[in-house]
Amino acid sequence: MASLSSLRLTGAMPCVASIKTTSLLSTSESAGCNGVKQSTMSHLTQNSSYSVPAPGHFARNTMSSIPPSGSSSAPPLRAVSSKVAAEASDVPSMFEPKLESDPIKLWNRYVDWLYQDKVLGLYLDVSRIGFTDEFYEAMLPKFEKAFKDMAELEGGSIANPDEGRMVGHYWLRKPELAPTPFLQKLITDTLDRVQSFADDVISGKIKPPPTPQNRFTQVLSVGIGGSALGPQFVAEALAPDNPPLKIRFIDNTDPAGIDHQIAQLGPELSSTLVLVISKSGGTPETRNGLLEVQKAFRDAGLDFSKQGVAITQENSLLDNTAKIEGWLARFPMFDWVGGRTSEMSAVGLLPAALQGIDIHGMLEGSAAMDESTRNPSVKQNPAALLALCWYWATGGMGSKDMVVLPYKDSLLLFSRYLQQLVMESIGKEFDLDGNKVNQGISVYGNKGSTDQHAYIQQLREGVPNFFATFIEVLRDRPPGHDWELEPGVTCGDYLFGMLQGTRSALYANKRQSITLTVEEVDPKTVGAMVALYERAVGFYASLVNINAYHQPGVEAGKKAAAEVLALQKRVLAVLNDASCRDPVEALTVEEVAKRCQVPQQVEMVYKIISHMAANDRAVFAEGDCGTPRSATVYSGECGVDDLYDD
Ligand SMILES: O=P(O)(O)OC[C@H]1O[C@](O)(CO)[C@@H](O)[C@@H]1O
């Protein structure tokens, strides 16, 4: 492949324009919000009494001196850069909250607020979030509504009004909760089929066409977003060191990334079970991954249909393709389960079961956590406590980021998983009443203590625009494997020390944190953690009055991408046409844009040409990508007439 720099010197280098006539699969459109009221940030102007803390309203001891952001004298809070705000004399309290520092009072706060789940061996410490008793009391009516909303959701209400859908991920681990016997049976039947299919694959009863191994040895999972992040997190957290089938993921439309995964499989492609996971069955990246994998199978002389499994909604494009092509198996994804809450459906359970992970343990853990998070007492409900802390720490408007720091390598992907769960659920432009609110909480983090040698410096001393969530795992190693690498101290003691030290050091500098402690990382705990955050997101969404279960914003990017590809086809047609002239006509970028009848989109035309040139599908006659005004270009391919097809 020619690089951009090598093309600079090549002049009129001929190149082959490979013309793709396939189009992006149509993307499903989410209904937009109707009757949108443009009362920008109106919630910020509400009075500052304690009775009803609206999003953006902070408790007295932290925010009382902040002028209402919607008032003419003050810009919206988030428009003020945190640095400027920290320097501004009238807003020191938000960035430097008044936190308890007396160690005995802190100990009492720790003990008073500690949540313990004896069944799950899980603890939640919210003592290092500085909310006041007054704030807690004032939030209770809001929580009453959040509990009511949640009960209705679990009862089968249309909790996702924009899309007219029920929200049923809680039924997956307690099928008897589902509103109809039909749905209950669908859930249990699917679970049984998942387990027996995985058992049969592992035992070799279901096998690929004759291979040297004579059984499936690898899983290749093709999916993106909610159809990848849960399975990736669980694989990293729970897969045994020597799983019956090893798993790999294609979760992007990056050709080099796809090639890498296929190359890593090597000859084992013939014993690879390919899971194609897409709720909608029409996501372009997943479609592309499938086409690439199918090509690799063809190139290797293998029959994909004997090794392909679809997990998707009934009658989706993917489902119909799998049906027509006679794939090995198809599993349903339900309309009432969102991608980001699908870990306990076939989406998460089939990949897990194929790796020998105890999926019933995962379901048990999530069901137990669901039970605990139905408790109507906020103090006894860990999901409600999390939502309370998020509201306090971010002012109910996402003014601070959530940094998630598991001190355990196997939980590395938890923050990535939470990133989608929280940000795709909470990050919304409009609330349920159509007010423009631009809600959200940013989530990032990797793992401790590794991150201590990366960005914790800034967390401790830099801009205080975050709150941390530590995840502590009590058991360092399986019993009987530990040893002291120095007198009285194990490797795990260091990890423990790093966590405690960072928590204390952050707090001493007025950086708040939550600590979630689990005894060990096992299927039950992982199921419980997933369920805990699913419920916390649901509660928080009710507190700030938004729909957590749609994602209208994602459509804009998808649509724009489809438009870029449509424009690329026109650019190619114009360049091909110019290449048919004798002598070949080399065009400036502006001329190409004009001939495509989009002179205003010259910048995009230029970017398309640059990308094509880097991939040997356009040739610079003069200049190069670095001289956009004077460069001239042609395709080197003449006479393609089906470019305007779609
Ligand atoms: O499972 P699908 O339909 O391929 O969608 C994948 C992901 O894409 C999104 O719809 C966002 O584009 C996510 O919500 C979803 O998890």
Side-chain angles (χ1 to χ4, degrees), residues 20 22-30 218-235 247-262 264-265 269 272-298 304-305 307-325 327-335 337-343 345-352 354 413 416-417 419-421 424 551 553-562 564-565:
K20 303 265 190 300
T22 48
S23 63
L24 279 179
L25 296 184
S26 59
T27 54
S28 60
E29 295 285 338
S30 297
Q218 301 271 347
V219 178
L220 180 60
S221 176
V222 184
I224 196 167
S227 293
L229 290 161
Q232 287 168 329
F233 160 53
V234 166
I247 194 161
R248 307 190 147 273
F249 293 92
I250 290 178
D251 64 355
N252 199 357
T253 183
D254 172 12
I258 294 170
D259 292 348
H260 175 67
Q261 294 304 331
I262 293 171
Q264 293 284 308
L265 288 169
L269 191 64
T272 297
L273 185 73
V274 183
L275 307 182
V276 186
I277 310 179
S278 174
K279 176 179 175 179
S280 62
T283 301
E285 291 92 332
T286 304
R287 191 281 310 242
N288 294 358
L290 167 62
L291 294 182
E292 293 275 358
V293 172
Q294 285 183 320
K295 177 176 180 299
F297 269 73
R298 275 197 308 278
F304 178 84
S305 68
Q307 299 179 223
V309 175
I311 304 176
T312 185
Q313 284 189 113
E314 214 183 333
N315 288 326
S316 72
L317 197 52
L318 172 60
D319 190 43
N320 291 335
T321 304
K323 221 184 298 176
I324 291 164
E325 294 180 1
W327 292 14
L328 184 59
R330 294 182 290 123
F331 290 90
M333 171 71 181
F334 309 122
D335 171 67
V337 173
R340 55 189 173 274
T341 52
S342 64
E343 181 47 34
S345 73
V347 169
L349 297 182
L350 183 58
L354 288 164
L413 297 183
R416 224 173 139 209
Y417 169 77
Q419 204 166 50
Q420 185 203 23
L421 178 62
E424 203 167 66
Q551 52 286 328
V554 181
E555 297 306 321
K558 286 185 187 170
K559 250 191 183 159
V564 171
L565 293 184

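Owing to the predicted nature of the structure, the values given are computational and were not obtained by experimental measurement.
Of the inter-residue distances, the one linking E424 atom CD with Q419 atom CD reads 11.0 Å to the nearest 0.5 angstrom. The distance from atom CZ of F249 to atom CD1 of I277, rounded to the nearest 0.5 Å, is 7.5 Å. Remark: L421 CG to R416 CZ distance equals 14.5 Å, nearest 0.5 Å. Atom-to-atom distance recorded for E314:CD and F334:CZ is 10.0 Å, nearest 0.5 angstrom. Between the CG atom in N288 and the CG atom in D254 there is a gap of 11.5 Å [rounded to 0.5 Å]. To the nearest 0.5 Å, atom NZ of residue K323 and atom CZ of residue R330 are 5.0 Å apart.
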query = After noting the C-alpha distance and the side-chain angles of V234 and E343, does the key distance pass the side chain to side chain contact (heavy atoms under 4.5 Å, CB included) rule?
reply = CA-CA 9 Å; V234 166; E343 181 47 34; 3.2 Å; yes
task = Please assess L354 against I247 for the test side chain to side chain contact (heavy atoms under 4.5 Å, CB included), listing each intermediate value before the final yes or no.
result = CA-CA 9 Å; L354 288 164; I247 194 161; over 6 Å; no
request  = Check the pair L350, V309 against side chain to side chain contact (heavy atoms under 4.5 Å, CB included), reporting the backbone distance first and the verdict last.
outcome  = CA-CA 10 Å; L350 183 58; V309 175; 4.1 Å; yes
query = Given V219 and R248, is the side chain to side chain contact (heavy atoms under 4.5 Å, CB included) satisfied, shown in steps?
reply = CA-CA 6 Å; V219 178; R248 307 190 147 273; over 6 Å; no
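A donor-acceptor contact shorter than 3.5 Å links the side chain of S316 to the backbone of D319. Judged purely by atom type and a 3.5 angstrom limit, Q261 has no side-chain atom pairing as donor or acceptor with the backbone of I250. No donor-acceptor pair closer than 3.5 Å links the side chain of Q232 to the backbone N or O of D251. For T283 (side chain) and E285 (main-chain N/O), no donor-acceptor pair under 3.5 Å exists by modelled atom type. Here the side chain of T272 pairs no donor or acceptor atom with the backbone of V274 at under 3.5 angstrom.
In this structure, A322 and A310 approach most closely via the heavy-atom pair CB-CB, 3.8 Å. The two residues Q313 and D335 make their nearest non-hydrogen contact at OE1-CA, 3.1 Å. Shortest non-hydrogen contact noted between Q294 and F304 is NE2-CD2, 3.4 Å. N252 and I224 get closest at one heavy-atom pair: CA-CD1, 4.4 Å. Scanning both residues, S345 and M333, for their nearest heavy atoms gives OG-SD, 4.0 Å.
You'll find the side chain of V276 stays beyond 4.5 Å of the side chain of I311, heavy atoms only. Using a 4.5 Å heavy-atom cutoff, the side chains of K279 and T312 are not in contact. In this structure the side chain of L290 reaches within 4.5 angstrom of the side chain of L318, judged on heavy atoms.
Within a 6.0 Å radius of NZ in K295, other residues, nucleotides and ligands contribute 12 heavy atoms or fewer. Enclosure of atom CD in E325 by more than 12 non-hydrogen atoms of other residues, nucleotides or ligands within 6.0 angstrom is indicated.
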